[in-house]
**Student:** 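Please see the structure below; I have some questions.
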Protein chains: 2
Amino acid sequence: MPRTRRAPLPPWRETPQRAEVLRALAARPGFTSAQLLHARTQADGSEVGLSIVYRVLALLAGAGQADVVRGANGERLYRHRDDTTHQHFLVCRRCGFALTSDSDAIEDWVARAAVESGFSDVHHTVELSGVCTRCAAGPSE
Amino acid sequence: MPRTRRAPLPPWRETPQRAEVLRALAARPGFTSAQLLHARTQADGSEVGLSIVYRVLALLAGAGQADVVRGANGERLYRHRDDTTHQHFLVCRRCGFALTSDSDAIEDWVARAAVESGFSDVHHTVELSGVCTRCAAGPSE
DNA sequence: CTTAATGCAAAATCTTTGCATGAAC
DNA sequence: GTTCATGCAAAGATTTTGCATTAAG
């Protein structure tokens, strides 16, 4: 019973702005905030409105084409999604670089907790953050 | 190597407002937002400023006397802390009622992920949300 | 042409902060 | 009396939305 709620994917028109957001998102090695993404597109010379960045990211996330985690301050961080399996991430707090974590143990645990508690429609969020080896070595970026 | 960073607990004066926030927090069966807590204190006839609610909650959380999770919209939800063990919660999305989850499996998994990845200073957040049996039965509150 | 996307600025949230007043110790 | 807490309103930060304009199909 996979939670693969691949949304009906609302009308999607190819526009330069959307391409740009996708490109910028794909170019990031890790999770990135909408704001930073917007800054990047600006820096790259494209004129993409901040609201569009938000709208595109929301669409992507809704369609399952982007993963979302929450930063320490509650801001949403997005990452282009490579595959379709449900995953958890170990995200570098400094650079956003993320490793996927093998999470069968978690999934099992969650399923068990759901059953035992009697709770219905149980969602889960597992977020790991740390400092990656590269950032630990030398404060870059 | 427990993450029991029990803060030095900055100067703490007993005031009616603090007592009221504590009381309101303790009265809740589950996790509650600062805003709702403020509304409750108002409803109970006490005059506690919203900023005080935020400040007191921040102090409590910092001192390890309250647990914090994040709601779906990124808002912080607080709960009075009964014991000192590191726990995870299964929170009802409707009423905030929470069950603690036995989380040894998670802790082990996190520790392993940290070691294997080479990441340092790894924090983790595990949040489960669902609908508790009571709320599933009848939409109350 | 018809419908959807864009951009801007305004609004909505949640949260924090500056500062003068008042209460705790 | 000092020092900290309070309250208000203003500021911050992130995200959403209304609406006229522009572009995609």
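What you are looking at is a predicted structure, and each value in this text was computed from that prediction instead of being measured. The sequence lines fix the lettering, A, B, ..., with proteins before strands; numbering per chain opens at 1. No hydrogens, no waters, no symmetry mates; every other heavy atom, side chains included, goes into these values.
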**Student:** Ignoring backbone atoms, establish whether B/Gln17 has a side-chain N or O less than 4.0 Å from OP1 or OP2 of D/dG7.
**Tutor:**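 So the side-chain polar atoms of B/Gln17 do come within 4.0 Å of the phosphate oxygens OP1 or OP2 of D/dG7, strictly under.
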**Student:** If I take atom CD in residue B/Glu47 and atom P in nucleotide C/dG22, what distance separates them, rounded to the nearest angstrom?
**Tutor:**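 Answer to the nearest Å: 16 Å.
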**Student:** Would the distance check show the side chain of A/Arg70 and the main-chain N or O of A/Gly74 forming a donor-acceptor pair, the cut-off being under 3.5 Å?
**Tutor:**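 A pair under 3.5 Å: yes.
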**Student:** Calculate the interatomic distance between B/Trp12 atom CH2 and D/dA5 atom P; express it in whole Å.
**Tutor:**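 Whole-Å distance recorded here is 9 Å.
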**Student:** From the list C/dT15, D/dT14, C/dG7, which nucleotide is the closest neighbour of the side chain of A/Tyr54?
**Tutor:**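 Looking only at side-chain atoms, A/Tyr54 lies closest to D/dT14.
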**Student:** Name the closest nucleotide to the A/Pro11 side chain, picking from C/dG7, D/dT14, C/dA4.
**Tutor:**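 Taking heavy atoms from C-beta onward, the closest nucleotide is C/dA4.
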**Student:** Given C/dC25, D/dT14, C/dT6, identify the nucleotide with an atom nearest to the side chain of B/Arg13.
**Tutor:**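 Of all the options, the side chain of B/Arg13 is nearest to C/dC25.
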**Student:** Cluster partners of B/Tyr54, using ILVMFWY side-chain heavy atoms under 4.5 angstrom, listed by chain and number?
**Tutor:**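 Via sub-4.5 Å side-chain contacts, B/Tyr54 links to B/Leu50.
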**Student:** Using modelled atom types only, decide if a donor and an acceptor are shared between the side chain of A/Arg93 and the backbone of A/Ser129 within a distance under 3.5 Å.
**Tutor:**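 The answer is yes, because a donor-acceptor pair under 3.5 Å joins these two groups.
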**Student:** Can you tell me if B/Arg18 touches the phosphate of D/dA5, counting only side-chain N or O atoms and a distance under 4.0 Å to OP1 or OP2?
**Tutor:**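 For B/Arg18, the contact criterion (side-chain N or O under 4.0 Å from OP1 or OP2 of D/dA5) is met.
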**Student:** Return yes if some donor-acceptor pair links the side-chain N/O of B/Arg94 with the main-chain N/O of B/Cys135 below 3.5 Å, else return no.
**Tutor:**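 Yes; judged by distance alone, with no hydrogens or angles, the pair exists.
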**Student:** Of the options D/dG25, C/dC14, D/dT15, whose atoms approach the side-chain atoms of B/Glu75 most closely?
**Tutor:**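 Closest nucleotide among those given: C/dC14.
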**Student:** Report the distance from atom CD1 of A/Ile52 to atom P of D/dT15, rounded to the nearest whole Å.
**Tutor:**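 Going from CD1 in A/Ile52 over to P in D/dT15 covers 16 Å.
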**Student:** Between C1' on C/dT15 and CG on B/Leu36, what's the gap in Å once rounded to a whole number?
**Tutor:**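 One finds 16 Å between C1' of C/dT15 and CG of B/Leu36, rounded.
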**Student:** Identify, between B/Leu77 and B/Glu14, the residue whose nearest nucleotide on DNA chain C lies closer to the 5' end.
**Tutor:**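 That would be B/Leu77.
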**Student:** From CD of B/Glu20 over to C1' of D/dT6, roughly how many Å is that when rounded to an integer?
**Tutor:**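 Whole-Å distance recorded here is 15 Å.
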**Student:** Does OP1 or OP2 of D/dC8 have a side-chain N or O of B/Ser51 closer than 4.0 Å?
**Tutor:**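 Checking D/dC8 against B/Ser51, no side-chain N or O comes under 4.0 Å of OP1 or OP2.
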**Student:** In whole angstrom, give the distance that lies between atom CG of A/Leu50 and atom P of D/dT14.
**Tutor:**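 My rounded result for the distance is 10 Å.
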**Student:** Side chain of A/Arg55 only, heavy atoms from C-beta on: which candidate in D/dG18, C/dT15, C/dA5 is closest?
**Tutor:**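 From the listed options, D/dG18 comes nearest.
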**Student:** OP1 or OP2 of D/dT16 versus the side-chain N and O atoms of A/Arg76: is any pair under 4.0 Å?
**Tutor:**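 It does, given that an N or O in the side chain of A/Arg76 lies less than 4.0 Å from OP1 or OP2 of D/dT16.
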**Student:** Whole-Å distance between C/dT6 C1' and A/Leu57 CG?
**Tutor:**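 In whole Å, C/dT6 C1' and A/Leu57 CG are 15 Å from each other.
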**Student:** Donor-acceptor pair, distance only, cut-off 3.5 Å: does the side chain of B/Ser117 make one with the backbone of B/Ala113?
**Tutor:**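 Judged by distance alone, yes, a pair lies under 3.5 Å.
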**Student:** Please round to 10 degrees the angle between the axis of the first five pairs and the axis of the last five pairs in the helix from C/dC1-D/dG25 to C/dC25-D/dG1.
**Tutor:**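 End axes: 30° apart.
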**Student:** Taking atom C1' of C/dT15 as reference, at what distance in whole Å does atom CZ of A/Arg70 sit?
**Tutor:**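 Value for this atom pair: 14 Å.
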**Student:** Sub-3.5 Å donor-acceptor pair from the side chain of B/His38 to the main-chain atoms of B/Val48, do we have one?
**Tutor:**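 Answer holds: yes.
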**Student:** Identify, between B/Ala58 and A/Pro16, the residue whose nearest nucleotide on DNA chain C lies closer to the 5' end.
**Tutor:**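 Mapping each residue to its closest nucleotide by heavy atoms, the 5'-most match is A/Pro16.
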**Student:** Categorize A/Gln35 for me: base, sugar-phosphate, or nothing, with a 4.0 angstrom heavy-atom threshold over every strand shown.
**Tutor:**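 A/Gln35: base contact, heavy atoms under 4.0 Å.
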**Student:** In the structure I gave you, are the side-chain heavy atoms of B/Glu20 and B/Arg40 within less than 4.5 Å of one another anywhere?
**Tutor:**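 They are not in contact (no side-chain heavy atoms under 4.5 Å apart), so the answer is no.
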**Student:** Are A/Tyr78 and A/Phe31 an aromatic pair by the rule of ring centers under 6.0 Å?
**Tutor:**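 Ring-ring flag for A/Tyr78/A/Phe31: false, centres at least 6.0 Å apart.
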